[in-house]
2 protein chains.
Amino acid sequence: MTLDSLSRDQLDAFLAEQQQAYADLQQAGLKLDITRGKPSADQLDLSEGLLTTPVEDHVSDGVDVRNYGGGTGLAELRAIFAELLGVPVDQLVAGNNASLSMMHDSIVFAMLHGTPGGSPWKDGPVKFLCPSPGYDRHFAICEHLGIEMIPVAMLEDGPDMAAVREHVADPAVKGIWIVPTYANPTGAVVSEQVAAELASLDTAAGDFRIFWDNAYAVHDLTDQHVKSADIVGLCSAAGHPDRPLMFASTSKITLAGSGVSFLAGSPDNVAWYLSHTAVRTIGPDKVNQLRHARFLGSPQGVLDLMARHREILAPKFEAVLRILSERLGPHDVATWTTPKGGYFVSLDVVDGTASRVVRLAKEAGISLTPAGASFPYGKDPRDRNIRIAPSFPPMAELTQAMEGLATCVLLAAAEKAVSA
Amino acid sequence: MTLDSLSRDQLDAFLAEQQQAYADLQQAGLKLDITRGKPSADQLDLSEGLLTTPVEDHVSDGVDVRNYGGGTGLAELRAIFAELLGVPVDQLVAGNNASLSMMHDSIVFAMLHGTPGGSPWKDGPVKFLCPSPGYDRHFAICEHLGIEMIPVAMLEDGPDMAAVREHVADPAVKGIWIVPTYANPTGAVVSEQVAAELASLDTAAGDFRIFWDNAYAVHDLTDQHVKSADIVGLCSAAGHPDRPLMFASTSKITLAGSGVSFLAGSPDNVAWYLSHTAVRTIGPDKVNQLRHARFLGSPQGVLDLMARHREILAPKFEAVLRILSERLGPHDVATWTTPKGGYFVSLDVVDGTASRVVRLAKEAGISLTPAGASFPYGKDPRDRNIRIAPSFPPMAELTQAMEGLATCVLLAAAEKAVSA
């Protein structure tokens, strides 16, 4: 019973049915929110130890963590994450609570001062390749800094490399955003092969940078761990050691607002980042880093914690996928991703109806990420993509919100079919 | 027995005496450091509660501090510091662990985007007035960002306003650095009158900014609290509400590397700062802010803690001043400040000998802040200023270092007198 196969009368009846369902939804007076990839309180409770365990012994590797200094971050914590991220510990910097800040600042430093050996980006036009759908906060940094964004398709194994190859012939193209593992929002994983192509790519800009935001490196939703491609090693082997800047954080491992961020790259890139950062701070919060090192203990400690996150998250993703399948499957009005990790499900509804769906949902008390948010400038060319963030609401609210969203998707699809 | 009054023979004898004293000093094989204004371990111990007291109740004003969000910072903590800093709480932002970052970022935002209503500073030449001697990290930000620094004299009641008035007729002069209370390094306090003049100053640049770094607002060394001038109120009353940006932090109240920073200003300035900051972070570390609010408790709690810092710091300053007075006083080879608060003693030795003194001290195992560090571009035009930071070393080391420093000052003065 796909919409295409319905007669005009059947379509009118289907529309009326959806209108009634939507009226009922509005009656329910919901107030639900599935906009952002925030951990739930249950998940934050897993890191209770960060709030309650004293750190009386405040010396680590001979450093009194309470005082100024130590721009590279605490060695004890960096050792744990160097192993998880597959980078040498002396090429890994630990910072404050937001890897987004490290990305922002890296671009600002490149704009104002240039990268090692390069001239300041502000002296000419700067363009970034933006695999889309992608992470809205990456795009916000570009837009804010006046960097022209060029969308390229995000495929199942990474960005559309044919498009990437074409665009990097332009010397103004200085960078590309990549969420390599469990991408926001599609859940795609960049394959070894695509990573190797990115590493060896012939770019017109000598200071081309891969902003490799490995936010979900250990955030599996299944019992099969997906290992991220070793972009730092691949680029080094390909003769472009300074090409990648890797970012990661514990925001979705420990506490979202009070985690530790990481930056990794070539020795030159790390020295470059630290030289500019030294002007803005005398060092990161090493007490928080020590708390993390003690609480997490080891790489295995991180993986054990992630397994507990999975116990909370996997059922929510299953519920989302089940409702999408049950409610939308029969009508052929949408497609969606089935992520093996990360924080999102990416839903594509009937072309031209995503904004309508989001508006309908809002008027029924269900907050969704704005349509188009996952595209540069907030412009989804097909107006079809909606990002679903299952993590934050309790299960009962999540299923209510998803049922309501399904109703809105069907109503918008029916409206469009009738008016066609 | 000032050096001026000595005959040639007496001078030669005096030089020989100092050379012997310096040889003895070198023999002692010291390894001492009075370079930076770092709190001592004793001082950090005063905030042990931040490391050991659990924050199980992690909700403040209905906000789960563990999660993302809250760019303005925790209301509970801002209320405490709004009172201490004399600003309305809704004009006060609480950030991460370094107010230096807030200063740096404010200038970067102005460079790239302009201030409210102004054009980006990067579009033209930018100059800053730098009361000198002053704080080397302020000057490092300017130098790093290509901002031309214009030294003006730092007097006992603030910057030399005649020089300031003259320079602000240049529209490229966009700002001035001020440490209003217990200035780094002289300990000077900006008077109400100078503050009012700064507030009402007629500047060619419409977007002129006072970077009011109130790092030592509550850092008294005597039992008389010196209240900082209300620069936000004064500028508002003078019709220049957006002129000041006030900064402060708990770095020298609680833990130097893990404190909380603050920015205050007009509603427009605060909105401007937050709008740019929102692109680089989803919010500051609110868990650390909550720890601080619970640990400090109230404005009086902060003052009580500062009284305990004073118990540790005041004897160190007294020792420094006593040694300077005993060793250098009789010879008229130096002048120094007698600060009522803050972290430094500013020592002026014989013109042209500061670099020599610092080198002599280094070769005797005593690390001093590089000569000239307190001046723009590290250039002290009279090569006479040395910043002394008494806080970090234990008393025994501090007095040893000061005795050694006095020996170096006398030797350099004698060398110069002999060669004159």
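Every chain is numbered from 1 and lettered A, B, ... according to where its sequence line falls, protein lines coming before strand lines. All of these numbers come straight from a predicted model, not from anything done at the bench. Basis for what follows: all heavy atoms, side chains included, without hydrogens, waters or symmetry-related copies.
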Task: Pairing residues for B:F81 by the ring-ring contact (aromatic ring centres under 6.0 Å, His included) criterion, not counting sequence neighbours - done: B:F262
Task: Close contacts, residues 59-66 of chain A versus chain B, judged by heavy atoms under 4.5 Å - done: A:D64, A:V65, A:R66
- [ ] Using only heavy-atom distances, determine whether the side chains of A:N97 and B:N96 contain a donor-acceptor pair under 3.5 Å.
- [x] yes
Open item on the list: Using every non-hydrogen atom in the two residues, find where B:S258 and A:K286 come nearest and quote the distance to one decimal.
Closed with: OG-N, 4.0 Å
- [ ] Mind ranking B:P54, B:P284, B:S99, B:G257 by heavy-atom pairs under 4.5 Å with chain A and telling me who comes out on top?
- [x] B:G257
TODO: Please state whether the side chain, the backbone, both or neither of A:R36 comes within less than 4.5 Å of a heavy atom of chain B.
DONE: neither
Task: Winner by heavy-atom pair count (cut-off under 4.5 Å) against chain A, out of B:L255, B:V279, B:T52 - done: B:V279
Open item on the list: Taking side chain as everything from C-beta outward and backbone as N, CA, C, O, which of these in A:D136 sits under 4.5 Å from a heavy atom of chain B? Side chain, backbone, both or neither.
Closed with: neither
TODO: Report the option among B:A98, B:S101, B:S40 that has the most heavy-atom pairs separated by less than 4.5 Å from atoms of chain A.
DONE: B:S101
Open item on the list: Using side-chain heavy atoms (C-beta onward) and a distance below 4.5 Å, is A:T281 in contact with B:L100?
Closed with: no
- [ ] Search all heavy atoms of B:Y68 against all heavy atoms of A:P39 and return the closest pair with its distance.
- [x] CE1-CD, 4.0 Å
Task: B:H58 portion near chain A, given a 4.5 angstrom heavy-atom threshold - done: side chain
Task: Closest contact, heavy atoms only, B:N67 versus A:A256 - done: OD1-CB, 3.3 Å
Open item on the list: Looking only at heavy atoms and a cut-off of under 4.5 Å, which of B:E48, B:R291, B:Q43, B:R137 has the most pairs with chain A?
Closed with: B:R291
Open item on the list: As an exercise: rank A:K122, A:K252, A:M102 by heavy-atom pairs under 4.5 Å with chain B and give me the winner.
Closed with: A:K252
- [ ] With the side chain counted from C-beta on, respond yes when A:R280 and B:D105 share a heavy-atom pair under 4.5 Å apart, and no when they do not.
- [x] yes
Task: Heavy-atom proximity to chain A below 4.5 Å, by part of B:L50 - done: backbone
Task: Proximity breakdown for B:A41 and chain A, heavy-atom pairs closer than 4.5 Å - done: both
TODO: Check whether A:E143 gets within reach of chain B through its side chain, its backbone, both or neither, counting any heavy atom under 4.5 Å.
DONE: neither
Task: Pairwise side-chain contact, A:L112 with B:L112, heavy-atom cut-off 4.5 Å (strictly under) - done: yes
- [ ] For the pair A:H144 and B:H113, name the ring-plane relationship: parallel under 30°, tilted 30 to 60°, perpendicular over 60°.
- [x] tilted
- [ ] Check each atom of A:V108 against the heavy atoms of chain B and say whether the ones under 4.5 Å are side chain, backbone, both or neither.
- [x] side chain
